[in-house]
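Report on the structure given below.
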Protein chains: 2
Amino acid sequence: MKKVTINSVASYAGVSKKTVSRVLNNEPNVSDATREKVLKVFKELDYTPNPIARGLAQNRSFIIGCIYDNPSKSYITRVQTGALAACQENNYNLLIHPCDLRGEELISNIEQLIQTSRLDGLVLTPPFSDFKLLVDFLKTKNIPYARVASAVLEDESISVRSNDEQGAFEITEHLIRLGHKSIAFIKGHPDHSATEQRFKGYLRALNTHGVEFNERLVEEGNFSYHSGVDSARSILDLTPRPTAVFASNDYMAAAVLKLATQRQLKVPDDISIAGFDNAPIARHIWPGLTTIAQPVEDMTKQAVTKLIEHIAEPQEAPYQVTLEARLITRESTAQIK
Amino acid sequence: MKKVTINSVASYAGVSKKTVSRVLNNEPNVSDATREKVLKVFKELDYTPNPIARGLAQNRSFIIGCIYDNPSKSYITRVQTGALAACQENNYNLLIHPCDLRGEELISNIEQLIQTSRLDGLVLTPPFSDFKLLVDFLKTKNIPYARVASAVLEDESISVRSNDEQGAFEITEHLIRLGHKSIAFIKGHPDHSATEQRFKGYLRALNTHGVEFNERLVEEGNFSYHSGVDSARSILDLTPRPTAVFASNDYMAAAVLKLATQRQLKVPDDISIAGFDNAPIARHIWPGLTTIAQPVEDMTKQAVTKLIEHIAEPQEAPYQVTLEARLITRESTAQIK
DNA sequence: CGACATTATGACACCGGTGTCAGGTTCGGA
DNA sequence: TCCGAACCTGACACCGGTGTCATAATGTCG
């Protein structure tokens with residue numbers, strides 16, 4: 001397998017390598033005849049430009065980094081799927097980088113990542129999307145970035161989110177319409193901006209429908225299955241027991257379901273349970289969880305696409321989009337008896 | 001932020017850039033004094049070598065590709081974790097590439113991936129690990145690769161696996177010791193070599209303990225939750241109903257559990273259920289699934305580490321390792337009544 | 001038809017490293 | 001003390017592309 005370089009193409013086609021380069025990049029000022037000729041040679045020799053050489057010349061790596069610190073494998077996978085789709089369309093590579101939000105070294109860790117891998121841009125996924133320290137750092141260093149599923153909208157960056165507050169509102173409303181008036185709520189991880197948004201949606205729904213808010217029905221979770229177990233215990237021990245539980249994500253909701261089942265409670269007859277995210281587990285357990293589906297792949301793909309555009313030609317205008325979330329009703333919620 | 005290149009370091013340290021390069025690569029034939037001097041300048045200027053330039057000069061990309069076509073997000077994530085660990089230790093990047101085993105274009109898709117991204121090597125994860133067509137292609141093209149969790153051991157490549165057959169043996173034996181004699185089995189995806197291995201382990205356990213094999217107790221699944229539901233239906237409809245079900249992975253086991261619960265069967269009192277893989281769902285449902293834990297991260301990390309070593313200096317000797325799997329007993333299996 | 005603008009093309013340096021090789025220095029042994 | 005071997009070091013080409021600029025070819029308009 002002999003190597004085919006721009007030089008071989010050039011000499012084979014009888015033009016200079018600069019001209020080949022022009023054809024490669026769809027630059028103007030190449031006559032149609034020449035362009036045709038070079039394109040034909042591309043095919044004949046099965047030429048693929050070397051992205052490394054191109055990167056060196058243009059001082060780019062064609063690599064986008066994606067950082068995350070998220071316990072949900074399915075969420076991560078969905079993020080990756082969306083990001084990969086955008087990268088492949090634009091001949092970029094995706095470098096995944098799990099890391100620890102709480103780590104002492106986070107910023108320097110990220111800095112090193114960018115330095116050593118020469119990233120062209122960074123995608124921030126929750127909980128980094130709203131991590132001010134990091135965002136400010138990137139801004140200072142002038143490193144292009146896009147934020148996925150952030151809650152706090154700023155003015156100057158690329159950000160694609162879904163409407164968590166509205167989703168939480170709808171699912172709470174769904175429970176209220178089923179006759180529930182005592183709806184427990186399990187909060188998510190305090191570092192995630194979604195946590196606050198979902199809580200807000202819950203409150204707004206109560207408010208809108210004139211259901212009294214009861215502080216004792218709110219538990220602090222952290223999105224992990226384990227925290228869901230703890231919260232579930234507190235909630236199921238309450239007297240009177242709430243007739244419904246809305247957990248801020250499906251893992252915690254699954255934990256509530258598990259504990260309830262262990263205690264011989266029938267779901268949804270004795271208690272309704274709702275989650276958030278539409279993780280695979282939501283339909284892998286019985287009864288299936290009523291939950292909120294977010295367009296994670298879409299969000300990420302849009303964010304990365306815009307990021308790459310921005311890298312190609314920096315744009316002043318911010319790009320801020322909010323996609324809608326969707327209520328999915330399954331068997332875990334039912335009319336109160 | 002001024003750019004620090006090898007040239008700045010060289011002139012600042014008063015040596016040639018070749019000498020700087022020598023220090024960078026820990027080459028011999030540099031006096032201690034010079035080495036010290038250069039290393040000090042590295043620190044002072046905060047120099048990071050440009051991997052792209054290095055790649056161009058050495059005709060390498062320092063990128064390892066990882067291909068997969070696997071429905072289990074948690075498995076993929078674990079593979080990534082292991083692969084990333086190995087890459088980071090060796091200053092490599094990991095390029096993830098989900099793709100379709102059955103796709104018409106698979107081979108040319110992979111070829112293009114390698115061409116365009118200039119991969120230095122490829123990690124094959126199930127079901128690609130034993131996909132002869134692809135392995136042969138890589139061998140022909142002389143592209144370094146490592147196989148994770150393959151069943152068919154060959155002589156000439158890097159391969160790290162875990163003992164699926166033994167794991168299946170142990171979990172079946174566990175059921176037999178609990179008094180079960182009618183143990184249904186759900187097979188995995190026919191393209192995965194693990195499918196056959198797990199079935200073999202099941203058979204060997206029956207055989208060893210003198211339990212008669214009954215063909216009617218075996219269902220064809222494909223590792224997906226959905227296929228588990230179908231198989232579960234057939235199994236639960238049998239008369240007499242088996243007293244235990246061993247599904248080839250946890251998703252299918254969860255499906256059996258779901259269907260059994262829907263039918264008012266008590267698990268494990270009425271029927272025991274066992275899975276394989278120790279996926280998160282195994283402990284997120286109630287009752288928790290008895291299953292087999294494999295060292296996925298370890299396997300992958302070892303495979304990638306060896307692959308990178310092999311790329312640095314091609315070795316004749318193959319590297320074949322089998323790690324042990326571990327039985328984890330949870331609440332879904334119990335003594336027969 | 002001549003002056004000038006526009007388009008097409010190539011020569012050459014450059015991106016930031018590494019490989020090759022030649023020349024100078026130091027060291028060990030006779 | 002002299003000589004060859006081993007050790008250091010730097011000059012320079014090279015990896016495979018892109019950017020700059022000069023120049024040649026073509027087109028436009030008065």
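Quick note on labels: first sequence line is chain A, next is B, and so on, each numbered from 1. Every value quoted in this text rests on a predicted model; they were computed, and no experiment measured them. FYI, side chains are in, hydrogens and waters are out, and symmetry mates aren't considered; it's all heavy atoms of this structure.
Of the listed nucleotides (C:dG10, D:dG16, C:dG16), D:dG16 has the atom at the smallest distance from the side chain of A:Ile6. Here the side chain of B:Asn50 is nearest to one of C:dG16, D:dT9, D:dG17, namely C:dG16. Picking from D:dC8, D:dG17, C:dT18 the nucleotide with the shortest atom distance to the side chain of B:Ser31 gives D:dC8. Considering only side-chain atoms of A:Lys3, the nucleotide from D:dC15, C:dG16, C:dA8 that sits closest is D:dC15.
Computed from coordinates, the B:Leu56 CG to C:dT18 P distance equals 11 Å when rounded to whole Å. Per the geometry, CG belonging to A:Asn7 stands 13 Å off C1' belonging to C:dA11, to the nearest Å. Protein atom CG of B:Asp32 is 12 Å distant from nucleotide atom C1' of D:dC7, rounded to whole Å. Atom pair B:Arg60:CZ and C:dG17:C1' shows a separation of 13 Å (rounding to whole Å applied). In this structure, the CG atom of A:Asn59 is 13 Å from the C1' atom of C:dG17, given to the nearest Å. To the nearest angstrom, P of C:dG17 lies 11 Å from CD1 of B:Ile52.
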Name every donor-acceptor pair, under 3.5 Å, that has one atom in a side chain of residues 28-36 of chain B and the other anywhere in the protein, sequence neighbours excluded.
{"residue": "B:Ser31", "atom": "OG", "partner": "B:Thr34", "partner atom": "N", "Å": "3.2"}
{"residue": "B:Ser31", "atom": "OG", "partner": "B:Thr34", "partner atom": "OG1", "Å": "2.7"}
{"residue": "B:Arg35", "atom": "NH2", "partner": "B:Glu27", "partner atom": "O", "Å": "2.8"}

Quiz: residues 44-54 of chain A side-chain donor-acceptor pairs under 3.5 angstrom, not counting sequence neighbours:
{"residue": "A:Glu44", "atom": "OE1", "partner": "A:Tyr12", "partner atom": "OH", "Å": "3.2"}
{"residue": "A:Thr48", "atom": "OG1", "partner": "B:Gln115", "partner atom": "OE1", "Å": "2.8"}
{"residue": "A:Asn50", "atom": "OD1", "partner": "A:Ile52", "partner atom": "N", "Å": "2.7"}
{"residue": "A:Asn50", "atom": "OD1", "partner": "A:Ala53", "partner atom": "N", "Å": "3.4"}
{"residue": "A:Arg54", "atom": "NH1", "partner": "A:Asn25", "partner atom": "OD1", "Å": "3.4"}

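A heavy-atom distance below 4.0 Å to DNA chain C is reached by none of the residues of residues 33-42 of chain B.
Screening residues 84-124 of chain B for ring-ring contact (aromatic ring centres under 6.0 Å, His included) gives B:Phe62-B:Tyr92 as the qualifying pairs, with residues at least two apart or on separate chains.
For B:Pro71, there are no side chain to side chain contact (heavy atoms under 4.5 Å, CB included) partners, not counting sequence neighbours. Partners of A:Glu324 according to the side chain to side chain donor-acceptor pair (under 3.5 Å) rule, which considers only residues two or more places apart in sequence or in another chain, do not exist here. For A:Ser11, there are no side chain to side chain contact (heavy atoms under 4.5 Å, CB included) partners at least two apart in sequence or on another chain. Residues passing the side chain to side chain contact (heavy atoms under 4.5 Å, CB included) test with B:Gln302 are B:Val160, B:Tyr319, B:Val321, B:Leu323, sequence neighbours excluded. Looking at residues two or more places apart in sequence or on another chain, you find a side chain to side chain donor-acceptor pair (under 3.5 Å) between A:Asp191 and A:Arg102. B:Asn7 meets the side chain to side chain contact (heavy atoms under 4.5 Å, CB included) test with B:Thr5, B:Lys17; sequence neighbours excluded.
The two residues B:Ala83 and B:Leu94 make their nearest non-hydrogen contact at CB-CD2, 3.8 Å.
At least one side-chain nitrogen or oxygen of A:Tyr47 sits closer than 4.0 Å to the OP1 or OP2 atom of D:dG17. Between D:dG10 and B:Thr19, a contact under 4.0 Å exists linking OP1 or OP2 to a side-chain N or O. Taking side-chain N and O atoms only, A:Thr5 has no distance below 4.0 Å to OP1 or OP2 of D:dG16.
Note on A:Pro49: only backbone sugar-phosphate atoms sit closer than 4.0 angstrom, heavy atoms only; bases stay farther off. Nucleic acid contact class of B:Val20 (heavy atoms, under 4.0 Å, all strands): none.
Side-chain N/O atoms of B:Ser159 and B:Ser157 include no donor and acceptor closer than 3.5 Å.
One end of the helix from C:dC1-D:dG30 to C:dA30-D:dT1 points its axis 30° away from the other end's axis, with each axis taken from 5 pairs and the angle rounded to 10°.
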Every protein N/O lying under 3.5 Å from an N/O of nucleotides 19-28 of chain D:
{"residue": "D:dG19", "atom": "N7", "partner": "A:Lys18", "partner atom": "NZ", "Å": "2.9"}

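Residue-to-nucleotide contacts include no donor-acceptor pair under 3.5 Å from the side chain of A:Lys17 to the base of C:dG10.
The aromatic rings of A:Phe131 and A:Phe128 stand perpendicular to each other, their planes meeting at an angle above 60°, with 30° marking the opposite boundary.
Comparing A:Asn29 and B:Ala53, the nucleotide of DNA chain C nearest to each residue sits closer to the 5' end for A:Asn29.
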